[in-house]
Amino acid sequence: MRAVPAFQTSPGMRDILPPESARWRRLNAVFASVAASAGYGQLITPLLEDLGVFARLGEGGEGVSKEMYQFADKGGRDVALRPEVTASVCRAFAEHRPTTPWKVWYTGPNFRYEKPQRGRFRQFDQVGVEVLGVDDAQLDVEVIALADEFFRALGLQRIRLIVNSLGEPDDRARYVNALRDHFESSSAGLSTTSRETLQRNPLRVLDSKRAEDEAAIAAAPQIGEFHSPAAAEHFEAVQGGLRALEIDFEVEPKLVRGLDYYRRTIFEFQSDALDSAQNALGGGGRYDGLVEALGGPPTPGVGFALGLDRTLIACDEEGVFSSESERPDAFVVDVTGGLHATVITGELRAAGLVADRGFDNRSMKAQMKLANRSAAPSAVIVGEDEVAAGTVIVKPMDGGEQITIRRDELVAHLRARPTTT
RNA sequence: GUGGUCAUAGCUCAAUAGGUAGAGCACCAGGUUGUGAUCCUGGCGGUUGGGGGUUCAAGUCCCCUUGGCCACCCCA
């Protein structure tokens, strides 16, 4: 026991210990189930990619690319730990050319070199789906509905869906110009921070929460005014689909997602249970030009990614999807040295039961404490008398009467007992 | 990257106006010799995140450093 550990996790990285890790596994299982129910297959991509795969995530080399873990490997290749998965999915599509529609889901860690705080880590896990090769607005609806269903499956109630459309690439370009003109006009008094943001990306000025920017943002032109007929129709169809599924949503013209590849539909899921600045659980949208930018054929794409950390924090706040220890079906207490426990746990495990046991030939009292702590419904007790008689004692840990049974009846006996709570 | 704030046993915290650290929980062991969760008793456990300074004396004051948290930035 040292006061000072020799090592600790690097900033923004952390260990996830049991039972919390089991909760992560269950969360992934829920997501996998939701995605599979809609015909999505899992895609596993490398955590490490050529730097160029992620080069288009930010305009002018700003944004995500500035936060990337990038380095030259021993072969001199410029590589990076993935800051997100969408670009990798598009790279995989361009590389393997699967038939469309290509519907995939994924889970795993991503890396961004940011200042850590609650709900924001340098290594953070996301789950998500992406679909390539379909232009239909009803696919946007399906994708959004999957995220909505996922949150529902976890038991989350206080989720808010916000949608917007950035229009076609030309619409977006014209809107950006109009925004720049608006904010640069002398009548709009912006904060100095927002003026800097304006130089990099006028869209992001809309994200400002600073009071002094409020008036200028309120007076800014709205993206809707710049939608081409096709973009407006697409956005209308998305909203119609959401209404048909009775999924609540708000249209937020000021919603702009951080990544620059988005076109047309974008959306974000926020939790009202999180009042911090990190209340966005995830989001996504269309990125119709991304595959082409990565060397593939022109291919429409849409998808989303959800942050596991923030989703779990939201679950904590709402008191749902709680962390539970996994409990064995039986805990074997052996006071004859431990060999019988080895044999009995082996038999139980082979029979498909979850069995744990005490070690170090500890006292019966100590082993019973372990049995109690394991939350197993039954303790199986073996002493010299039982060994001599070819029996074991099965003791219900809820206070019921213990009974002595023959060794060869143990599996059947334990199976007959309900093992839940 | 900027600013603020915090850091005491495994966990949650306490320690009067600077005088060489305590509690609860947890863990371990006993409570007439084969049985847990309750109760009683006892025990283990901290050079007070790390380093330096002021002082007769620092957990308590000052500086540096590491890390958490909050806000900004950005975003999941």
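Computed from heavy atoms alone, side chains included, the values below leave out hydrogens, waters and symmetry copies. Every value quoted in this text rests on a predicted model; they were computed, and no experiment measured them. A, B, ... follow the sequence lines: proteins, then strands. Residue 1 opens every chain.
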Enquirer: Between B:G68, B:G36, B:U66, which nucleotide gets closest to the side-chain atoms of A:M397?
Expert: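 Among the listed nucleotides, the one closest to the side chain of A:M397 is B:G36.
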Enquirer: Which one is paired to B:U16, where only Watson-Crick or G-U wobble pairs with both distances under 3.5 angstrom count?
Expert: none
Enquirer: Tell me which nucleotide among B:G34, B:A37, B:G68 gets nearest to the side chain of A:N372.
Expert: B:A37
Enquirer: Take the protein atom CZ of A:R122 and the nucleotide atom C1' of B:G68, then report the distance between them rounded to whole Å.
Expert: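 After rounding, the gap between these two atoms is 13 Å.
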Enquirer: Identify whether any heavy atom of A:R362 sits under 4.0 Å from a base atom; if not, whether one sits that close to sugar-phosphate; answer base, sugar-phosphate or nothing.
Expert: sugar-phosphate
Enquirer: Where the side chain of A:E318 meets the backbone of A:Q157, is there a donor-acceptor pair that is under 3.5 Å apart?
Expert: yes
Enquirer: Between B:U32 and B:A15, how many Å separate the two P atoms, rounded to a whole number?
Expert: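 Those two atoms are separated by 40 Å.
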Enquirer: Report the C-alpha distance between A:R286 and A:S165 in whole Å, list the side-chain angles of each, state the deciding distance to 0.1 Å, and finish with yes or no for side chain to side chain donor-acceptor pair (under 3.5 Å).
Expert: CA-CA 9 Å; A:R286 281 208 163 264; A:S165 173; over 6 Å; no
Enquirer: Scan A:E268 against the nucleic acid and name what it touches under 4.0 Å (heavy atoms): base, sugar-phosphate only, or nothing.
Expert: nothing
Enquirer: Which nucleotide sits closest to the side chain of A:P11: B:C74, B:G67, B:G30?
Expert: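 Side chain of A:P11 sits closest to B:G67.
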Enquirer: Would you mind telling me which of B:C75, B:C28, B:G34 lies closest to the side-chain atoms of A:R112?
Expert: B:C75
Enquirer: Could you go step by step and tell me if A:R25 and A:N28 meet the side chain to side chain donor-acceptor pair (under 3.5 Å) rule?
Expert: CA-CA 5 Å; A:R25 201 168 63 244; A:N28 278 311; over 6 Å; no
Enquirer: Both distances under 3.5 Å, Watson-Crick or G-U wobble: report the partner of B:A71, or none.
Expert: B:U2
Enquirer: Taking the nucleotide of RNA chain B with the closest heavy atom to each, which residue, A:R120 or A:V382, is nearer the 5' end?
Expert: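 So the residue in question is A:V382.
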Enquirer: Would you mind reading off the distance between A:Q270 atom CD and B:C75 atom P, rounded to a whole angstrom?
Expert: 14 Å
Enquirer: Which whole number of Å gives the distance between the C1' atom of B:G10 and that of B:C28?
Expert: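 Per the computed distance, 14 Å lies between those C1' atoms.
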Enquirer: What does A:G383 touch in the nucleic acid at a heavy-atom separation under 4.0 angstrom: a base, only the sugar-phosphate, or nothing?
Expert: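 Counting heavy atoms under 4.0 Å across all strands, the contact made by A:G383 includes a base.
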Enquirer: Of all heavy-atom pairs between A:V392 and A:E386, which one has the smallest distance, and what is that distance?
Expert: CA-CG, 4.1 Å
Enquirer: Return a single string for nucleotides 2-8 of chain B, one symbol per nucleotide in 5' to 3' order, where B is base contact, S is sugar-phosphate-only contact and - is none, cutoff 4.0 angstrom on heavy atoms.
Expert: B------
Enquirer: Between B:C25 and B:G45, how far is it from one C1' atom to the other, in whole Å?
Expert: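 After rounding to an integer number of Å, I get 14 Å for this pair.
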Enquirer: Remember a base hit wins even if backbone is also touched, and classify A:A280 as base, sugar-phosphate or nothing at under 4.0 Å, heavy atoms.
Expert: sugar-phosphate
Enquirer: Taking the same atom, P, in B:C11 and in B:U48, what whole-Å distance lies between them?
Expert: 16 Å
Enquirer: Taking atom CG of A:D248 as the centre, report whether more than 12 heavy atoms of other residues, nucleotides or ligands fall under 6.0 Å from it.
Expert: no
Enquirer: Quick check for you: among B:U66, B:C69, B:G34, whose closest atom lies nearest to any side-chain atom of A:I393?
Expert: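 Among the listed nucleotides, the one closest to the side chain of A:I393 is B:G34.
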Enquirer: Rounding to the closest angstrom, what is the interatomic distance between B:G68 and B:U8 at atom C1'?
Expert: 15 Å
Enquirer: Hey, does A:F267 have a side-chain heavy atom less than 4.5 Å from the side chain of A:F269?
Expert: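 Contact flag for A:F269/A:F267 side chains = yes.
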Enquirer: B:C25 pairs with which nucleotide, Watson-Crick or G-U wobble, both distances below 3.5 Å?
Expert: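 The base-pairing partner of B:C25, which may sit in any strand shown, is B:G10.
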Enquirer: What nucleic acid atoms does A:G119 come within less than 4.0 Å of, heavy atoms only: base, sugar-phosphate, or nothing?
Expert: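 Base contact - A:G119 has a heavy atom under 4.0 Å of at least one base atom.
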Enquirer: B:G67 P sits how many Å from A:Q117 CD, rounded?
Expert: 15 Å
Enquirer: Pick from A:I344, A:L353, A:V332, A:T391: which one makes a side chain to side chain contact (heavy atoms under 4.5 Å, CB included) with A:L410?
Expert: A:I344
Enquirer: Under 6.0 Å from the CZ atom of A:F249, do we count more than 12 heavy atoms belonging to anything else shown?
Expert: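 Yes, CZ of A:F249 has more than 12 neighbouring heavy atoms, counting only those of other groups under 6.0 Å.
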Enquirer: Rounded to the nearest Å, what distance is computed from the CZ atom of residue A:F54 to the P atom of nucleotide B:C75?
Expert: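 Going from A:F54 (CZ) to B:C75 (P), I get 17 Å.
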Enquirer: Any side-chain N or O of A:R310 below 4.0 angstrom from OP1/OP2 of B:C75?
Expert: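 Looking at the OP1 and OP2 atoms of B:C75, neither is under 4.0 Å from any side-chain N or O of A:R310.
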Enquirer: Could you check how far CD of A:E384 sits from C1' of B:U35, rounded to whole Å?
Expert: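 These atoms are roughly 16 Å apart.
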Enquirer: Nearest-Å distance, CE (A:M364) to P (B:G30)?
Expert: 14 Å
Enquirer: Without decimals, in angstroms, what is the distance between A:K369 NZ and B:C25 C1'?
Expert: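 After rounding, the gap between these two atoms is 13 Å.
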Enquirer: Work out how far the P atom of B:U20 is from that of B:A57, and round it to whole angstrom.
Expert: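 Comparing P positions in B:U20 and B:A57 gives a spacing of 14 Å.
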Enquirer: Looking only at side-chain atoms of A:Q402, point me to the closest of B:U35, B:G36, B:A76.
Expert: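 My answer, after comparing the listed nucleotides, is B:U35.
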Enquirer: Can you spot which of A:R310, A:R118, A:R158 makes a salt bridge (charged side-chain N to carboxylate O under 4.0 Å, His left out) with A:E317?
Expert: A:R118
Enquirer: If you check the A:K365 side chain, which of B:G36, B:G34, B:A76 turns out closest?
Expert: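 Output: B:G36.
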Enquirer: Using the P atom on both, measure B:A9 against B:U47 and round to a whole Å.
Expert: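 Those two atoms are separated by 9 Å.
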Enquirer: Given the structure, check if the side chain of A:E386 and the base of B:G34 hold any donor-acceptor pair shorter than 3.5 Å.
Expert: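 Donor-acceptor pair under 3.5 Å: yes.
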Enquirer: If you assign A:Y113 and A:L281 each to the RNA chain B nucleotide with the nearest heavy atom, which residue ends up on the more 5' nucleotide?
Expert: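 Looking at the nearest nucleotide for each, A:Y113 comes out on the 5' side.
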Enquirer: Give the minimum heavy-atom separation between A:A314 and A:S271, together with the two atoms involved.
Expert: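 Heavy atoms only, the tightest pair is CB-OG, 3.7 Å.
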Enquirer: Mind checking if A:G128 touches a base, just sugar-phosphate, or nothing, with heavy atoms under 4.0 Å?
Expert: nothing
Enquirer: Quantified in whole Å, what is the P atom distance between nucleotide B:A29 and nucleotide B:U38?
Expert: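 About 15 Å, rounded to a whole number of Å.
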Enquirer: A:I381 has a side chain; which of B:A76, B:C28, B:U35 sits nearest to it?
Expert: B:U35
Enquirer: Nearest-Å distance, CG (A:L370) to P (B:U35)?
Expert: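 Atom CG in A:L370 sits about 14 Å away from atom P in B:U35.
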